[in-house]
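Everything on this sheet refers to the single structure shown next.
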Amino acid sequence: MKIFREPQKLQKWAKAQRLAGKKIALVPTMGFLHEGHLSLIAAAKKRGADEIVVSVFVNPVQFGPNEDYEKYPRDEKADLAKCKAAGATAVFFPTPANMYLDRHSVYINEEDLSKGLCGARRPGHFRGVCTVVAKLFNLAHPDFAVFGQKDYQQAQVIKRMVRDLNFDLKIYVAPIVREPSGLARSSRNSYLTAEEKGRALALSQALKSVSAGKSASQERKRIEKLLTGAGLVVDYVEFVDGETLEPVAKTAKGVCVLLAVYDGATRLIDNRVL
Ligand code: PAF
């Protein structure tokens, strides 16, 4: 497995692989890898990639001033071992200084799908995500990239960026991987105490309890009550069209239910497409 730290070195290698006719997959991550990330590598393998590049970069630009950039969990050694065992052929570990050169001044703003949900609660978040993902596409030259459905809005925003900026690659979205308890796997689960982990189960339980043909506003109230009753602080409960992310009045097939809560100091998100 190759290890790259310099963007230019990854770019040169990736270009050579493409010229040699290799199919490159990119799995962008912020590291502290778990089963969810490994499922993205497995999906890349299944889709026939010859080279699977996993990027591990806690991207400072997508964190707000009061968010967890500094304390975001990092474990380079474990990530390397997991990438190797999962079948990645290259890992990219850049530093903030070599991803964002002095006076970096170009950013990408998606202006439709990013407006609501996490985009409204985390100003600048998707600007940071789009910018770093576009840079990763330019460095790894992937034929396709795999993202997780856990970050549902992010996946839709990236697909729109690829469409609107004519990136020559495909985006695949892999299903959410859950712990046996139902809790969606996330690097941020490592922040949770045992008690908080217990409370977090209400997220997947709430999602499971939603069915089609109901009033979205009534369902929102019911779910907010359920989450609050479990001791969580609701950031949002939204029912949106799975493609446009516009709010819907009724639950139906193709509607996405998205939840964001605070469990103690930790913000957790989860979703389900009906
Ligand atoms: O989903 C993530 O881990 C990050 O937002 C991503 C896509 C790697 C960009 O930093």
Side-chain angles (χ1 to χ4, degrees), residues 4 7 10 25-41 43-44 52-64 67-76 78-79 82-83 86 88 90-100 104 106-110 113-114 117-119 121-140 142 144-162 165 167 169-177 184-191 258 260 266-271:
F4 296 101
L10 169 66
L26 172 68
V27 177
T29 81
M30 297 207 299
F32 211 69
L33 302 179
H34 51 68
E35 294 293 327
H37 298 114
L38 303 184
S39 79
L40 307 182
I41 300 176
I52 302 176
V53 181
V54 179
S55 62
V56 176
F57 179 55
V58 184
N59 173 34
V61 177
Q62 70 187 70
F63 287 78
E67 295 184 352
D68 56 344
Y69 173 67
E70 296 297 340
K71 76 164 200 185
Y72 195 87
R74 293 157 169 92
D75 190 342
E76 184 175 315
D79 286 348
K82 286 177 190 171
C83 284
V91 183
F92 179 44
F93 275 117
T95 60
N98 62 23
M99 281 297 269
Y100 297 104
H104 177 103
V106 179
Y107 295 88
I108 295 179
N109 277 311
E110 192 288 325
L113 302 170
S114 314
L117 305 162
C118 287
R121 273 83 183 174
R122 304 183 64 190
H125 172 66
F126 289 115
R127 169 183 181 260
V129 169
C130 286
T131 302
V132 80
V133 169
K135 284 168 72 66
L136 292 169
F137 288 167
N138 284 332
L139 294 172
F144 68 89
V146 191
F147 292 83
Q149 189 198 314
K150 160 89 186 334
D151 294 291
Y152 190 85
Q153 186 179 16
Q154 168 173 279
Q156 298 305 315
V157 168
I158 299 291
K159 280 197 220 162
R160 180 68 64 85
M161 176 181 81
V162 164
L165 297 185
F167 279 101
L169 57 95
K170 285 204 164 59
I171 299 296
Y172 295 115
V173 182
I176 298 175
V177 176
R185 301 246 180 213
S186 162
S187 305
R188 289 189 170 100
N189 290 351
S190 65
Y191 298 149
L258 297 114
T266 306
R267 187 172 183 276
L268 298 173
I269 56 171
D270 201 350
N271 68 78

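All ligand and atom numbering here is 1-based and tracks the order in the structure.
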Next item on the list: Note the single closest protein heavy atom to atom 3 (O) of ligand 1, along with its residue, its atom name and the distance in Å.
Entry: Met30 CG, 3.5 Å
Notebook entry, point to check: Any idea which part of Ile158 is under 4.0 Å from ligand 1, heavy-atom wise: side chain, backbone, both or neither?
Noted result: neither
Note to self: Between Asn189 and Ala184 (side chain of the first, backbone of the second, donor and acceptor by atom type, cut-off under 3.5 Å), is there such a pair?
What the structure shows: yes
Note to self: Which residue and atom name correspond to the protein heavy atom nearest atom 9 (C) of ligand 1, and how close is it?
What the structure shows: Gln62 OE1, 3.3 Å
Check: Within a strict 4.5 Å, meaning less than it, do heavy atoms of the Val27 and His37 side chains meet?
Finding: no
Note to self: What I want to know is whether Gln154 and ligand 1 share at least one N or O pair that is separated by under 3.5 angstrom.
What the structure shows: yes
Check: So, does Asn98 use its side chain to make a donor-acceptor pair with the main chain of Pro7 at under 3.5 Å?
Finding: no
Note to self: Using 0.5 Å steps for rounding, measure from the CZ atom of Phe147 to the CD atom of Gln156.
What the structure shows: 12.0 Å
Margin query: Quick check on contacts: which atoms of ligand 1 are under 4.0 angstrom from a heavy atom of Thr29?
Written below: 8 (C)
Margin query: Can a donor-acceptor pair be found, under 3.5 Å and without considering hydrogens, that links the side chain of Asp270 to the backbone of Lys150?
Written below: no
Note to self: Does the plane of the ring in His104 sit parallel, tilted or perpendicular to the ring in Tyr100? Use 30° and 60° as the thresholds.
What the structure shows: perpendicular
Note to self: Show the atoms of ligand 1 that are less than 4.0 angstrom away from any heavy atom in Pro28.
What the structure shows: 8 (C)
Item checked: Enumerated ligand 1 atoms positioned under 4.0 Å from heavy atoms of Val132 -> 9 (C), 10 (O)
